[in-house]
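If you read the sequence from its start, that first residue is 1, and numbering goes on from there.
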Amino acid sequence: MLKTEAGAQREAPYPKDFPISSNDTDPALSDRPATAENAASDVVWTSAPERALDAGGPVDRPFERMGGDFSSVGASDHLRRIAAKFPDKLAISDGDRQFTYGELLSAVDSLARLIAAAVPEGQAVGLLLGNSAWYPVAMLASMAAGRPSVPLNPRDPLARIAGIAADARLPALVGADTEGFAAWSAASNLTWIEVTRALSPGPPPTSAAPPVPVSVDAPAVVLYTSGSTGRPKGIVNSQRAILQRVQQYADACHINADDVFMPLSGPATIAGCREVMTALLCGATLHIADVEALGLRALRRQFRTHNVTIVYLVPALLRALMTAPFNDDFASLRIVRIGGEKVLWTDTALARKAVPASCFIQGSYSSTETTGSQWFVPPDFPEQGATVPMGFLLPGISFAIVDDDGAPVGPGERGELLIRSMYVMLGHWEDGQIVAAETDPADPGYRIIATGDLVQLGERGLLQIVGRKGRQIKINGRRVEPAELELVLRRTPHVTDAVAVVTEANELIAFAVPDGATEPGFVSGLRDVVRTQLPPSLHPMRLHSISEIPRLPGGKVDAGKLREVDRAMRETMQALQRLEASKPLNLEQAVEGIWKKILGTRTAAGRWDEAGGDSLKLLQCVMELESLAGRELDLEAFTIAMSAADMIAAVASGHSPRQYSDRPGDRPPLLFLIPGSVGYGPSLAAFGAEMGEVVRVAPIRYPDLGAILDGRGTITAMADAALDQINQAQPAGEVRLLGYSLGGAVAFDVAARLIAAGRPVKFIGVLDTSIDGVSSHYREAIARTVQRIQAHRTTIYRMSCRAIAKCVARLGAERRFAALLDQDWWRHLPRTHFMFRLELEEILRMRAFGHWLAEPKPKLAVTGTLFRCHRPGSQDLGWNALFDSVNVVPIAGGHLDLVVEPHLARNRPLIEAALIASFP
């Protein structure tokens, strides 16, 4: 016997070896909608009407019908049948690796034995693989081993990955150690299963016994989604539930071995699982494309290159992908499946313009917890309202539509959708155990889910999604709970309250109340916190500081008022953009215009993610920039952490996308480039792009002015920020550092800490940083000013801004000056506002550098490489006292222009040669 979330007793529908939580769920922490508690006893259920799944679809296309008993047979048996039929047919490709069906089956069997040996029965295994050909192998292997898998996104903040691993009580992770996760896994007491061992020749390890037969009703996949309690929740699905989705998809679309799938949903989503399983259990070819790595223009070419026939898209990606001229990119498509969030009639119209007339548009509704509805949208269907109906409820489920009291609504009325089926989720995975979903007391084999979706059932039986009962939404097809964002904001120092709301355009907006007067950098500091703790889907589009949260008379948050505040600020931004739209544009203005248009901001200031941008919006931006430039751009030069100056440099650099070897091991190693006192600007961005054939340059960002004034302006604080970014990008493994000017000091501090923590520092380079003494720095300051004037790298205007900033710093008035810069009227002087902040940041950082010079420092037991311009002073510029030895490499130019032409042509090969010497 076991306890359900509602507390009722019933028999377990899955194997006894899976641990079941015996603790009642705390109602205050439950993610379950309130109506679910009494659904089983009070609701009259209606079975979904029988209807041909392929009605309105490709009824004449030959295929092998799966039938209703398909979900009663395990995925491994289905895969063996397909592999026996098509052993040499291409099963999976991702551009780097490919598997035939025979090779896929062999890899699945081998990896299943490794998983079974490393993970005790009843426990789950993490899949840290991202969007690659290895992910389907690992998912199928975990099913064959009888161990539920927990897909993890390697791009998520490391803190989130660690939190999910801890909550799921994972004993092991499966991964490909391209970014140093194996060492992090070992440090976290997690067994690392290197996925490439599935290809190792020879017999399996003696401890890896063949997996026992696995029940299709056992837990198969645990998908962590955003939770209303403020932490992610793990939703458990069985093989039967996933295979039911496969059967209904395949029998509707007449999928056969001639099809080529290219799913554009993340692997850690139910849609990603469905697309992968459908392709491989039908004998089709699965082509995996990483949208963020490829970019939209290259992604469109993938459709044509691989003759893709079936694609799944969320509306936001569809709008970005299919808006530009088409050039027959989508000529091979026969099925476009759209879902994940509300679908507009304009979305289907956009798709129809891009695809052949013979292509079917399939709309679908489902969630991680349950199947729902689907249909083929007729091209001549009468449009009513803005959104497309989501189809007919699918066979195998019973449903009810109820009001707030749990009573059935009348025909055509709105209410919450409840679903009863053996194909809904098994429950939640908490602390390594299943907390079982509610079941029907009359038949414990059927589970019940209150979806939280408000729906209408039309006269034709079509389901219309009209809203959400709770606060949960979907953004780009990913479930988002505003409460999770609110919790992170409220736990941040100096925040007394925080609220997140959703606009009519389905944008996530956040408001935070400071504990006093708004300090400089308050909002940017909150952006940093959100970025390091939450996945991109939970990053707000806009984040506002507000004196208090408006509330209704009953004490509830006045969400409508907050939306009005956001709308007013947005309208002000749009008015300013219209004012600037008619001005002649140079490259800088054009890039800034695209930035402001896509993000809806008044200025192109700060970082892309700080301004509310995410990776999908960045891809849209790059596509517009490519149209502006008339050529393809190197996508690796664009990151969500870049500034407008970085973007301008990336466009101006003239680089087309770099081509790497197909072998992952040939991908260049990371080099962390630590900038000077001005920060990472266009010159360093262009320099980093030039180095791309040898290393992947990861720029380090310093705390901004607000953070500096908040006490994070020391070299130690800069090193803290650098270490955080290094651990995010490369959690473990060998580290290479290159510091320019002040960045040499930061690089030294970072290296000292890495070495103390036991991480190897394979290269530490210093670009012309002198630590000889304070007097030499006064001489250098004068020499550099003269050099700036002679090289026309400064103007009287900028020198005036710098002089004012210096006076402010000498008077100790930087905090008051920063508060002045935060005044709203500066929007009329954006250039001067930017220049004052830039100069004040540089001056305060150089003050910190002076303090660092006076502090005692350890001597590192490594060799440093000093790239030294011709200048007065000692040969090693003082570094010999801090390293075991110093390799001095003379370089051309002066301190300010050593990484720009004409000197870059001579200096870059010298720097690259020193880096190559550090490679294995």
ask   = Taking the side chain as C-beta and beyond, is there a heavy-atom pair between Leu243 and Gln248 under 4.5 Å?
value = no
query = Rounded to the nearest 0.5 Å, what separation is found between the CG atom of Leu111 and the CD1 atom of Ile193?
reply = 7.0 Å
Closest approach of Ser265 to Ala271 (non-hydrogen atoms, all atoms of both residues) = OG-C, 3.7 Å
request  = Taking only Lys NZ, Arg NE, NH1 and NH2, and the carboxylate oxygens of Asp or Glu, determine whether Lys85 and Glu64 approach each other closer than 4.0 Å.
outcome  = yes
task = To the nearest 0.5 angstrom, please state how far the CZ atom of Phe261 sits from the NE2 atom of His306.
result = 16.0 Å
request  = For the pair Tyr101 and Phe86, name the ring-plane relationship: parallel under 30°, tilted 30 to 60°, perpendicular over 60°.
outcome  = tilted
task = May I ask you to check whether Phe99 and Trp134 place their ring centers less than 6.0 Å from one another?
result = yes
Could you give the side-chain donor-acceptor pairs of residues 159-176 under 3.5 Å, partners two or more places apart or in another chain?
| unit_1 | atom_1 | unit_2 | atom_2 | d |
| --- | --- | --- | --- | --- |
| Arg160 | NH1 | Glu484 | OE2 | 2.7 |
| Asp167 | OD1 | Arg231 | NH1 | 3.1 |
| Asp167 | OD2 | Tyr224 | OH | 2.8 |

ask   = Minimum heavy-atom separation for Ala138 to Ile115, with atom names?
value = O-CD1, 4.5 Å
Beyond-backbone contact of Pro151 with Val221, side-chain heavy atoms, under 4.5 angstrom = yes
query = Among side-chain atoms of Glu275 and Tyr249, is any donor-acceptor pair under 3.5 angstrom?
reply = yes
request  = Indicate yes or no: at least one non-hydrogen side-chain atom of Ser421 is less than 4.5 angstrom from one of Arg447.
outcome  = no
key: Short side-chain donor-acceptor distance under 3.5 Å, Lys89 and Thr285   = yes
note = Taken in chain and number order and not counting sequence neighbours, the residues that satisfy salt bridge (Lys or Arg N to Asp or Glu O under 4.0 Å) with Asp290 are Arg155
message = Does any part of the side chain of Ile335, heavy atoms only, come nearer than 4.5 Å to the side chain of Leu333, both counted from C-beta?
response = no
message = Hydrogens and angles aside, do His254 and Asp54 bring a side-chain donor and acceptor to less than 3.5 Å of each other?
response = yes
request  = Would you please test Asn237 and Tyr423 for side chain to side chain donor-acceptor pair (under 3.5 Å) and show each step?
outcome  = CA-CA 8 Å; Asn237 275 294; Tyr423 305 110; over 6 Å; no
Residue pair Pro441 / Tyr446, side-chain heavy-atom distance below 4.5 Å = no
query = Quick one: does Thr278's side chain get under 4.5 Å of Val276's, heavy atoms only?
reply = no
SB check Arg334 Asp258 (cutoff 4.0 Å) = no
inquiry  = Using side-chain heavy atoms (C-beta onward) and a distance below 4.5 Å, is Asp94 in contact with Leu286?
reply    = no
request  = Would you check if there is a donor-acceptor pair between the side chains of Thr309 and Asp259 at a distance under 3.5 Å?
outcome  = yes
inquiry  = Evaluate Arg97 against Ser132 for side chain to side chain donor-acceptor pair (under 3.5 Å), listing each step before the verdict.
reply    = CA-CA 8 Å; Arg97 184 174 295 281; Ser132 73; over 6 Å; no
task = To the nearest 0.5 Å, tell me how far Arg240 CZ sits from Met422 CE.
result = 6.0 Å
